[in-house]
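Naming convention: chains lettered A, B, ... in sequence-line order (proteins, then strands); numbering from 1 in each chain. None of these values were measured; they are calculated from a predicted model.
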Number of protein chains: 2
Amino acid sequence: MRHRLKDVAERAGVSVKTVSNVVNGYVHVRPDTRARVEEAIAELNYRPNLSARHLRKGRTGVIALAVPELDIPYFAELARYVVTAAADFGWTVLIDQTGGGREQERVVASGITDHLIDGLIFSPLALTAEDLAGLDGTPMVLLGERVDHGPADRVVIDNVGAAREITAHLVGLGRRRIAAIGSQRTDEGASARLRLAGYADALRAAGLDYDEALVAPAPAWHRADGAAAMRGLLTSGVRPDAVFCFNDTLALGALRALHEAGLRVPEDVAVVGFDDIEDGRFSIPTLSTVAPDKAQIARLAVELLANRLDGDRTAPARELSAPYRLELRESTQTP
Amino acid sequence: MRHRLKDVAERAGVSVKTVSNVVNGYVHVRPDTRARVEEAIAELNYRPNLSARHLRKGRTGVIALAVPELDIPYFAELARYVVTAAADFGWTVLIDQTGGGREQERVVASGITDHLIDGLIFSPLALTAEDLAGLDGTPMVLLGERVDHGPADRVVIDNVGAAREITAHLVGLGRRRIAAIGSQRTDEGASARLRLAGYADALRAAGLDYDEALVAPAPAWHRADGAAAMRGLLTSGVRPDAVFCFNDTLALGALRALHEAGLRVPEDVAVVGFDDIEDGRFSIPTLSTVAPDKAQIARLAVELLANRLDGDRTAPARELSAPYRLELRESTQTP
DNA sequence: AACGTTGCCTACAACGTTGTAGAAACGAGG
DNA sequence: CCTCGTTTCTACAACGTTGTAGGCAACGTT
């Protein structure tokens with residue numbers, strides 16, 4: 001049996017509103033009254049109805065995190081940090097898996113926000129600025145760079161700079177035929193475009209040619225895609241001596257394909273990824289990668305959302321940047 | 001600006017209830033009226049307030065999935081299947097990360113259910129039967145075996161049988177000193193206890209001794225714990241020729257430790273895991289494992305919940321079993 | 001013509017909560 | 001004893017939705 005304020009009120013011999021005041025910590029309640037009410041609450045195991053509270057107050061205390069796929073470890077790890085950061089604000093995090101398609105993402109962006117949550121942290125893959133334009137109401141914070149100059153707050157990392165640095169690291173190892181895995185059609189992945197730009201930058205700075213044949217596309221960024229792309233590079237005869245994979249799961253797939261081809265990492269081919277997922281610290285060999293500060297990304301996103309909720313909802317959108325660093329491991333270093 | 005039924009009603013020139021009827025697909029609405037209402041809905045981009053609907057109907061259309069840690073790939077993969085299965089019932093899935101502690105799990109079990117969701121699918125690690133006893137109200141389906149003879153519906157797999165089979169596979173390879181990684185204190189992990197029992201069964205059936213020194217505990221089931229446990233086994237001098245890790249992340253950590261020790265897998269030591277996470281299909285070597293039918297687990301859990309929601313809430317708890325199979329890969333087979 | 005049936009629609013109340021307004025009790029100061 | 005301000009509490013309305021009950025036409029049947 002579920003109890004309501006009314007039940008508690010009757011048991012404690014006070015009005016419904018007095019119980020509400022006790023529950024909400026209102027100060028002007030006599031100590032003995034408060035004690036009686038609290039006793040009744042405990043006896044009945046009363047818990048407020050969040051829907052009713054939301055209906056009255058317009059706040060649920062729940063925010064959502066929408067990510068393309070939970071079984072991409074980067075998003076799972078990010079989710080953990082967001083849950084932690086949100087707890088500091090007393091928020092519960094509803095995690096929603098969009099699947100990454102544009103239509104699904106639009107449904108989530110416009111649908112899930114329907115009065116059920118206070119705000120949304122959204123990591124879109126395919127959503128465009130137009131899709132977001134029609135959304136009014138629920139405050140939103142975007143992660144990543146897909147939606148250019150969108151109307152919403154955003155947390156980014158310097159994808160171009162990070163890609164440039166990690167590629168430069170490969171150059172520094174003396175590698176000259178550096179492949180890239182993970183390019184996508186421009187309208188699909190902004191991250192792919194930016195990381196590719198950083199890669200090209202670094203090659204240019206080192207006086208190396210940008211060779212189309214060394215750039216392998218990947219429809220998604222799963223292990224299987226990385227393995228397939230690597231196999232493609234190997235059979236095409238371009239003979240890379242290093243590979244920059246646009247995320248770690250691609251890199252793990254590439255490691256697998258290199259292993260199957262009998263090539264040694266890093267002696268024959270050096271491999272780097274992007275994201276610093278836990279797998280890369282235990283793979284064979286361990287994986288050099290760009291490590292975005294996920295805790296910071298999560299914290300900034302939650303804080304932006306908090307500001308938006310408490311402050312001016314019409315203030316101009318803000319963009320914050322989170323730091324990253326290189327994690328150099330076995331896949332680019334001889335033991 | 002958010003619009004309400006009232007706004008739509010005024011625009012369409014009908015009553016609020018008629019709009020509600022259109023939204024809910026009530027049949028007795030004249031086609032032209034329906035068209036007018038739908039036009040108004042589209043123009044105003046009306047979306048129902050779920051909290052209000054819940055308050056009135058007692059249903060939110062949202063269920064929760066509570067798991068210990070999202071960055072354990074098994075749970076992330078399971079989450080994806082649950083989201084998919086729930087979609088068939090028109091449910092949105094709120095994913096909640098408990099952290100695995102008993103207190104946190106109790107908070108989730110009693111707290112998150114507070115009128116916000118219709119039902120809960122719960123994969124507990126530490127929760128006890130008493131903790132659940134006090135819960136009345138929100139229907140719940142448990143995954144796994146932690147809470148013995150609890151009062152709730154449950155989906156399980158035959159942990160003992162699966163562990164027995166995979167251990168027998170190692171025996172069949174001619175291995176005689178088979179270690180186990182992942183045992184836990186009885187009050188912590190029921191899965192650990194059952195998998196250990198299956199392991200012991202298989203040894204006994206093969207006429208092998210159960211050797212305490214070959215059983216390594218693991219406080220949690222992460223890669224780092226598997227690596228640490230494996231290093232412990234190697235330095236203790238027990239010289240295993242095979243290892244059964246109680247989940248895949250432990251096994252991946254063990255692979256890493258074996259690699260660092262210069263031992264070959266499977267030639268020197270064969271390794272098997274449990275869960276069939278995606279990593280194991282790309283690790284070096286690929287990982288032999290028990291593959292529970294996650295899609296089936298998710299589907300059964302969602303169906304149990306649906307039955308409980310629509311049917312008799314006082315009916316006795318049901319327990320359903322999901323199938324599994326062995327996935328034999330490189331870590332137990334020479335190429 | 002009177003009647004019942006059906007289709008379509010509306011008014012009202014209720015879900016459980018909290019904000020507002022104000023009443024009742026009390027103490028302090030004149 | 002009266003007045004005033006403060007503390008403590010209550011009654012009422014409202015948040016947006018849907019179930020219930022019922023009204024009004026239009027229709028077919030007697």
When the axes are fitted on five pairs at both termini, how much does the helix from C/dA1-D/dT30 to C/dG30-D/dC1 curve, in 10° steps? 60°

How many Å lie between [atom1] on [X] and [atom2] on [N], as a whole number?
X       : N      : atom1 : atom2 : result
B/Arg53 : D/dC15 : CZ    : C1'   : 16 Å
B/His54 : D/dT18 : NE2   : P     : 13 Å
A/Lys57 : C/dT17 : NZ    : P     : 12 Å
A/Leu55 : D/dT18 : CG    : P     : 12 Å
B/Lys6  : D/dT17 : NZ    : P     : 11 Å
A/Arg4  : C/dT17 : CZ    : P     : 8 Å
A/Arg59 : D/dC15 : CZ    : P     : 19 Å
A/Asn49 : C/dC15 : CG    : P     : 12 Å

Check this one for me: any side-chain N or O of B/Ser20 less than 4.0 Å away from OP1 or OP2 of D/dT18? yes

Is the distance from OP1 or OP2 of C/dA14 to the nearest side-chain N or O of B/Arg56 less than 4.0 Å? no

Heavy-atom closest pair, residues [X] and [Y]:
X        : Y        : answer
A/Val8   : A/Val37  : CG1-O, 4.1 Å
A/Ser321 : A/Leu300 : O-CD1, 3.9 Å
A/Lys6   : A/Val16  : CA-CG2, 3.9 Å

Let me confirm one number: the CG-CG distance from B/Leu320 to B/Leu304, rounded to the nearest 0.5 Å. 4.5 Å

Distance (rounded to the nearest 0.5 Å) between B/Arg59 CZ and B/Leu309 CG: 5.0 Å

Partner of B/Ile121 under side-chain contact (heavy atoms from CB on, under 4.5 Å), chosen from B/Ile95, B/Leu143, B/Leu78: B/Leu143

Check A/Thr92, A/Ile117, A/Val93 against A/Ile63 for a side-chain contact (heavy atoms from CB on, under 4.5 Å) and give me the one that passes.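 Result for side-chain contact (heavy atoms from CB on, under 4.5 Å) with A/Ile63: A/Val93.
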
Side-chain donor-acceptor pair present, B/Glu278, A/His222, cut-off under 3.5 Å: no

Starting at the 5' end of nucleotides 6-11 of chain D, put B wherever the base has a protein heavy atom under 4.0 Å, S where only the sugar-phosphate does, and a dash everywhere else. -SBSBB

Evaluation steps, salt bridge (charged side-chain N to carboxylate O under 4.0 Å, His left out), between B/Arg318 and B/Asp153: CA-CA 5 Å; B/Arg318 290 201 292 160; B/Asp153 291 327; 5.2 Å; no

